[in-house]
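Okay, so here's the structure we're looking at.
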Amino acid sequence: MDRLQDIVADIAAEMADVQDRGTVANYIPALANVSPKHFGMCIVGADGSVHKAGDAEMPFSIQSISKVFGLTIALGTVGDALWKRVGREPSGSAFNSIVQLETEHGIPRNPFINAGAIVISDILLGRYEPREALGEILRFVRELAGDHSIMIDEEVARGEAETGFRNQALAAYMRSFGNIHHAIELPLGLYFHQCALSMNCHQLALAGRYLMSDGKNPATGRSVVSPQRARRINALMITCGHYDGSGEFAYRVGLPGKSGVGGGILAVAPGLASIAVWSPGLNERGNSQLGAMALERLVQRTGWSVFEPVTPLLG
Ligand code: GLN
């Protein structure tokens, strides 16, 4: 076994012993039944190596991690015009908060809170029919992961459509400001379905590779986004990817990361690795409790951090 594989296996073993595992999200019916005992981790290195441990092959609901893929597609479709309708600042508020929308005229703070992602869905519907838009997201994620078995869990999507009153409120409120252009059911339907993407840590780490490798999919050599856009998506992930827990995640882990209420986190060590962790128990901010702990241990042992000094060009 190489050193990284030892580290991943050790972390998974340590996580199995942790008692306080947080609380599984229960406001989406299908997520409430997932056991908090699960833990999975997968690291895909820039050299193509794969290191995984625990439940790394067990599918889970990626939820808000899908916001990274939605944003990437929307930027590819409408470019920087997107930023007229969504901001780029951390919100310091819960992922499903409505309060800032009133004083900020229906413009969500960033693309990684619910309001922002619903606007992104609405933007995609300006270019694609609803079915096409969903097909585009699925095709994109499958292509990134090189895995055509990735599916959307219809039960999760349906459950969320039936209980997503806050998201409905966010969409209706933004529509009143003119920042949602379609009947709210349409962007919400797209948003709920993208959140219901079912993936495992291995697939997710593969899908995140373009963010570690200057926007290129290393498997195909094809450019997914420009190097500058990859850096900027990473910047948004580190500042906004964990909602009102983003500062804490940057402090403890120091890598761009995006969490979801399914308990997954996608983290990126630029130039080095794409990392996915999953443990369904959440902390009070709705981020995976063990996921962040595992990533913290990983960076302690590897030294990976975007704040790590790099070889200077000066002197
Ligand atoms: N689908 C979830 C919601 O809208 C996504 C939230 C999340 O993962 N933080 O509430």
Side-chain angles (χ1 to χ4, degrees), residues 22-34 59-71 86 90-99 101 108-122 124 134 137 141 152-174 180 184-199 201 204 208 236-237 239-246 248-249 257-267 276-292:
T23 314
V24 174
N26 59 6
Y27 73 99
I28 301 173
L31 298 187
N33 305 321
V34 183
F60 60 90
S61 191
I62 73 164
Q63 291 295 317
S64 283
I65 302 170
S66 67
K67 290 170 180 164
V68 176
F69 306 125
L71 172 68
V86 185
S91 70
S93 303
F95 63 88
N96 55 7
S97 175
I98 202 168
V99 289
L101 286 176
R109 277 284 174 101
N110 68 67
F112 294 153
I113 50 175
N114 288 13
I118 294 166
V119 171
I120 302 275
S121 292
D122 193 67
L124 288 175
L134 190 56
I137 294 171
V141 172
I152 288 168
D153 186 329
E154 284 294 335
E155 189 197 339
V156 174
R158 205 176 324 112
E160 202 170 344
E162 283 162 9
T163 59
F165 307 117
R166 272 183 183 248
N167 289 320
Q168 289 166 15
L170 290 171
Y173 200 48
M174 291 190 290
I180 291 289
I184 62 166
E185 295 72 30
L186 296 174
L188 286 171
L190 181 58
Y191 169 73
F192 293 145
H193 277 83
Q194 79 165 40
C195 286
L197 271 163
S198 177
M199 295 170 75
C201 289
L204 194 55
L236 290 164
M237 286 170 73
T239 51
C240 312
H242 282 69
Y243 325 110
D244 44 344
S246 298
E248 182 69 11
F249 186 82
K258 182 73 204 83
S259 72
V261 287
I265 301 176
L266 173 65
V277 283
W278 170 55
S279 183
L282 308 177
N283 64 18
E284 63 290 350
R285 303 255 154 92
N287 300 313
S288 175
Q289 180 139 312
L290 266 56

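All ligand and atom numbering here is 1-based and tracks the order in the structure. Computed over heavy atoms, backbone and side chain alike; hydrogens, waters and symmetry mates excluded.
- Under the 3.5 Å distance criterion, the side-chain polar atoms of Asn283 are matched with a main-chain donor or acceptor of Gly286.
- Of all heavy-atom pairs between Ser64 and Ser259, the closest is CB-O, 3.3 Å.
- Among the atoms of Gly260, none of the N or O lies under 3.5 angstrom from an N or O of ligand 1.
- For atom 6 (C) of ligand 1, the nearest non-hydrogen atom of the protein is Ser64 OG, 3.1 Å.
- Ring-plane geometry between Phe95 and Tyr243 is classed as tilted, the angle between the planes lying from 30 to 60 degrees on a 0 to 90 degree scale.
- Atoms of ligand 1 found under 4.0 Å from any heavy atom of Asn167, numbered from 1 in the order shown, are 3 (C), 4 (O), 10 (O).
- Using a 4.5 Å heavy-atom threshold, the side chains of Val68 and Phe112 count as touching.
- Residue contact check for ligand 1: Tyr191 places a non-hydrogen atom closer than 4.0 Å to it.
- Proximity of Met174 to Val119: side-chain heavy atoms (C-beta onward) are separated by under 4.5 Å at one or more points.
- A donor-acceptor pair is defined here as one N or O able to donate and one able to accept, closer than 3.5 Å; such a pair exists between the side chain of Asn287 and the backbone of His242.
- Residue Cys195 has at least one heavy-atom neighbour below 4.0 Å for each of these atoms of ligand 1: 1 (N).
- Here Asn114 has side-chain heavy atoms under 4.0 Å from ligand 1, and that is the only part of it that gets that close.
- No side-chain donor-acceptor contact under 3.5 Å links Ser288 to the backbone of Trp278.
- For the pair Asn114/Lys67, a side-chain contact is recorded, criterion being any heavy-atom separation below 4.5 Å from C-beta on.
- Considering only non-hydrogen protein atoms, atom 2 (C) of ligand 1 sits nearest to Gln63 OE1, 3.0 Å.
- At under 3.5 Å, not a single nitrogen or oxygen of Lys67, backbone or side chain, sits near a nitrogen or oxygen of ligand 1.
- The protein heavy-atom contact nearest to atom 10 (O) of ligand 1 is Tyr27 OH, 2.5 Å.
- Of the protein's non-hydrogen atoms, Glu160 OE2, 3.0 Å is the one closest to atom 3 (C) of ligand 1.
- Scanning the protein for heavy atoms near atom 9 (N) of ligand 1, the closest one is Tyr243 OH, 2.8 Å.
- Within the structure, ligand 1 lacks Asn96 among the residues with a heavy atom less than 4.0 angstrom away.
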